[in-house]
Amino acid sequence: MHGMNLSDGVVALSPLRLDDVDAHLAGEDELLVRWLSGEPATRAGTEAYFRHCIEQWATSGPLRAFGIRTADQQTLAGYIDLRFDVAGLEPGQANISYVLYPAWRGKGLMTRAVRLICRYAAAEGAAQGVIRVDPGNAPSAAVARRSGFTYDKQLLEADGHRTDWYLMGLPDGGGGSRREDS
C-alpha cells in the first residue's frame, strides 16, 4: 500500500515521505499552528511524526497519512489523514483531518482531496466519514460542507476542546470490512 496514489487529475494523494519534511516546515503558518498543534513544529518532531506515518502504512495501521500534491506529484500543498481509531468514533466511521499550506488555500484543492480520501476510506471498508472542526475554524467547516458532509453535533472532546462534527455516508467501495474487527 505504500505506493498508493489517488488522483483526480488536479490533486494527487500519496503517502507522506521523509523528503516531505522540509516542505511541511516551510508551509507552516500561524493558522496551521493554531488549528493543528498549538505550537510551531520542530524538525525532530516532524520527522518523528512522518516516520510514524510511514510505519502505519507499512503495517496497515489505523492511520493513513497522505501528502496532498499537485497532479504532477512534485509539489506538496498540504496533507490529509484518515484515522480508523479515534476515540468516540462508532464502528464503520473514519476520521478525516487536513492541512493546506498558505499558498494553496482558496483554490478548491482541499475539497478535491477530501473527496479522494473518502473514496479510499470506502474502499477500506468505512461506511461514514467524520470531520471534526473547531467551531472557530470557518474555512475548515466550509471544506466539510463543500465536500458533501453535513453538520451533526458539537461535542466536548477528551482534551477539553469543543468540536463540530460533520458526517457523510460513504459509497460502498467494495473494500474489506476493516473496521468490523475493532
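Computed from a prediction, not measured in an experiment: that's the story for all the values here.
Closest non-hydrogen pair, Y166 versus A141, comes out as OH-CB, 3.4 Å. In plain terms, the two heavy atoms of A94 and L82 that are nearest each other are CB-CD1, 3.6 Å. Looking at every heavy atom in both residues, S7 comes nearest to R119 through O-NH2, 4.0 Å. Taking each heavy atom of G88 and Q93 in turn, the nearest pair found is O-OE1, 4.4 Å. In terms of heavy-atom proximity, P171 sits nearest to A122 at O-CB, 2.9 Å. Taking each heavy atom of I54 and L16 in turn, the nearest pair found is CG1-O, 3.6 Å.
The residues D29 and R105 are annotated as salt-bridged, a charged nitrogen and a carboxylate oxygen being separated by less than 4.0 angstrom. The pair E55-R51 fails the salt-bridge criterion, with no side-chain N (NZ, NE, NH1 or NH2) lying under 4.0 Å from an Asp/Glu carboxylate O.
When side chains are defined from C-beta on, R83 does not count as touching P62, because their heavy atoms never get closer than 4.5 Å. A 4.5 Å side-chain heavy-atom check between E157 and R132 finds at least one atom pair inside the cut-off. Contact check for R43 versus D22: side-chain heavy atoms found under the 4.5 Å cut-off.
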>> The test is ring-ring contact (aromatic ring centres under 6.0 Å, His included); show your working for F149 and W165 and say whether it passes.
In response: CA-CA 9 Å; F149 285 70; W165 283 45; over 10 Å; no
>> Run the side chain to side chain contact (heavy atoms under 4.5 Å, CB included) test on C118 and M168 for me, step by step, so that the C-alpha distance in whole Å, both residues' side-chain angles and the decisive distance to 0.1 Å come before the verdict.
In response: CA-CA 9 Å; C118 284; M168 185 174 78; 3.7 Å; yes
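To the nearest 0.5 Å, the span separating CD on Q56 from CG on D85 amounts to 7.5 Å. Of the inter-residue distances, the one linking M110 atom CE with S140 atom OG reads 8.0 Å to the nearest 0.5 angstrom. To the nearest 0.5 Å, atom CG of residue L25 and atom OG1 of residue T46 are 4.5 Å apart. Distance check: R162 CZ to L155 CG gives 9.0 Å after rounding to the nearest 0.5 Å. The CG atom of L156 lies 8.5 Å from the OG1 atom of T163; values are rounded to the nearest 0.5 Å. To the nearest 0.5 Å, the span separating CZ on R146 from CZ on R115 amounts to 9.0 Å.
In this structure, Y49 and Y79 have tilted ring planes: the angle between them lies in the 30° to 60° band. The aromatic rings of F66 and W57 sit perpendicular, their planes meeting at an angle over 60°, well past the 30° parallel limit.
Side-chain polar atoms of S14 and R69 form a donor-acceptor pair below 3.5 angstrom.
By the rule that hydrophobic residues join a cluster once side-chain heavy atoms approach within less than 4.5 Å of another member, I117 and L100 end up as members of one cluster. L170 and L6 fall within a single hydrophobic cluster, where Ile, Leu, Val, Met, Phe, Trp and Tyr side chains are chained together by heavy-atom contacts under 4.5 Å. Note on V86: it does not cluster hydrophobically with L63, by side-chain heavy-atom contacts below 4.5 Å among ILVMFWY residues. Cluster membership for V143 and V130, using ILVMFWY side-chain heavy atoms within less than 4.5 angstrom, is not shared. Residues Y151 and L89 are members of separate hydrophobic clusters, defined by side-chain heavy-atom contacts under 4.5 angstrom among Ile, Leu, Val, Met, Phe, Trp and Tyr.
If you run side-chain contact (heavy atoms from CB on, under 4.5 Å) between Y101 and each of I68, L109, L76, only L76 comes through. Each of I96, D152, N95 was scored for a side-chain contact (heavy atoms from CB on, under 4.5 Å) with I131, with one residue passing: I96.
Judged purely by atom type and a 3.5 angstrom limit, E28 uses its side chain to pair as donor or acceptor with the backbone of A41.
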